[in-house]
Amino acid sequence: MNSASYEKLRSLSRGKFSPQQFLKLKALAANTVGVNNSIFDVELNSLLSLYKSLAKEIDTIEKEINKLIEEVHPHYMSIPGIGSLSAAVIYSEYGDISNFSNPGQMLAFAGIEPGVNDSGTESHGGRMVKRGSSQLRYTLINCCLPLIRFDMTFATYYSKKRGEGKPHRVAITHVAKKLIRVIYALERLDIDFNTQKLH
């Protein structure tokens, strides 16, 4: 295992395989007891064939998803951080945004509206209720991570929430709520995302 081996692994991992991980793998390989048995060769080849077959199927499905979402091309695909696969998840979960009369309904559908505890005279906002689609919630939260890095408005909003003493997970959930309101506005107004017009 040399520098050429590392470059190949780094390329396959799309740059995620670090030199430190390579050195650790090299040390593990050097200290691993080898097994010389033909049955293990057969098993390994069988697993590799299965992996390649599944990877090919996934690639075919992803290409089809990309093609379908490009045909629909919702306005929220213009938001930085929302790629075609994320947009496909959002579209498959929400469908036509015109079915929702306000962003609050979309928040409730995703299960990221705050819980409410009513005690007769008082109403307190509680933790996230986490009803709705966990896949949609996961996708929306993940879309917020590049947003707070590359869009000043969302970054400022995230910093404001952190400045209020909210931990990262709570602050990012607030960003997800803002993202849903933006998605609703874009589809209702039939316009693409423009950070200059965002407030």
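The residues of the chain are indexed from 1 along the displayed sequence.
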Practice problem: Considering only NZ, NE, NH1 and NH2 on the basic side and carboxylate oxygens on the acidic side, decide whether K160 and E164 come within less than 4.0 Å. | Solution: yes
Any donor and acceptor pair, going by atom type alone, linking the side chain of [X] with main-chain N or O of [Y] inside 3.5 Å?
X: E187; Y: Y76; result: yes
X: S46; Y: V42; result: no
X: D59; Y: A55; result: no
X: S78; Y: F193; result: yes
X: T60; Y: K56; result: yes

Is there a path of hydrophobic side-chain contacts, each under 4.5 Å between heavy atoms of I/L/V/M/F/W/Y residues, joining [Y] to [X]?
X: F100; Y: V89; answer: no
X: F40; Y: L44; answer: no
X: M106; Y: I191; answer: yes
X: L48; Y: I39; answer: no
X: I183; Y: Y138; answer: no

Enter the distance from [X]:[atom1] to [Y]:[atom2] here, rounded to the nearest 0.5 Å.
X: R137; Y: I180; atom1: CZ; atom2: CD1; result: 10.0 Å
X: I172; Y: K166; atom1: CD1; atom2: NZ; result: 14.0 Å
X: H174; Y: C144; atom1: NE2; atom2: SG; result: 12.0 Å
X: S84; Y: K67; atom1: OG; atom2: NZ; result: 14.0 Å
X: T173; Y: K161; atom1: OG1; atom2: NZ; result: 11.5 Å
X: I90; Y: Q135; atom1: CD1; atom2: CD; result: 11.0 Å

Restricting to non-hydrogen atoms, name the atom on [X] and the atom on [Y] that form the minimum distance, rounded to 0.1 Å.
X: L85; Y: I65; value: CD2-CG2, 3.7 Å
X: A155; Y: I148; value: CB-O, 3.3 Å
X: Q105; Y: N99; value: OE1-O, 4.3 Å
X: L179; Y: L140; value: CD2-O, 3.9 Å
X: H75; Y: D192; value: ND1-OD1, 2.8 Å
X: G81; Y: P146; value: CA-CG, 3.6 Å

Practice problem: May I ask you to test the N142-L145 pair for a side-chain heavy-atom distance under 4.5 Å? | Solution: yes
Practice problem: Taking the side chain as every heavy atom from C-beta outward, state whether E93 and T139 have any pair of such atoms under 4.5 Å apart. | Solution: no
Practice problem: Could you list the residues that satisfy side chain to side chain donor-acceptor pair (under 3.5 Å) with R188, not counting sequence neighbours? | Solution: Y184
Quiz item: Does the side chain of H168 come under 3.5 Å of the side chain of Y158 through a donor N or O and an acceptor N or O?
Solution: yes
Exercise. Please work out whether the ring planes of Y94 and F109 are parallel, tilted or perpendicular, with thresholds of 30° and 60°.
Key: tilted
Quiz item: Is the number of heavy atoms from other residues, nucleotides or ligands under 6.0 Å of L54 CG greater than 12?
Solution: yes
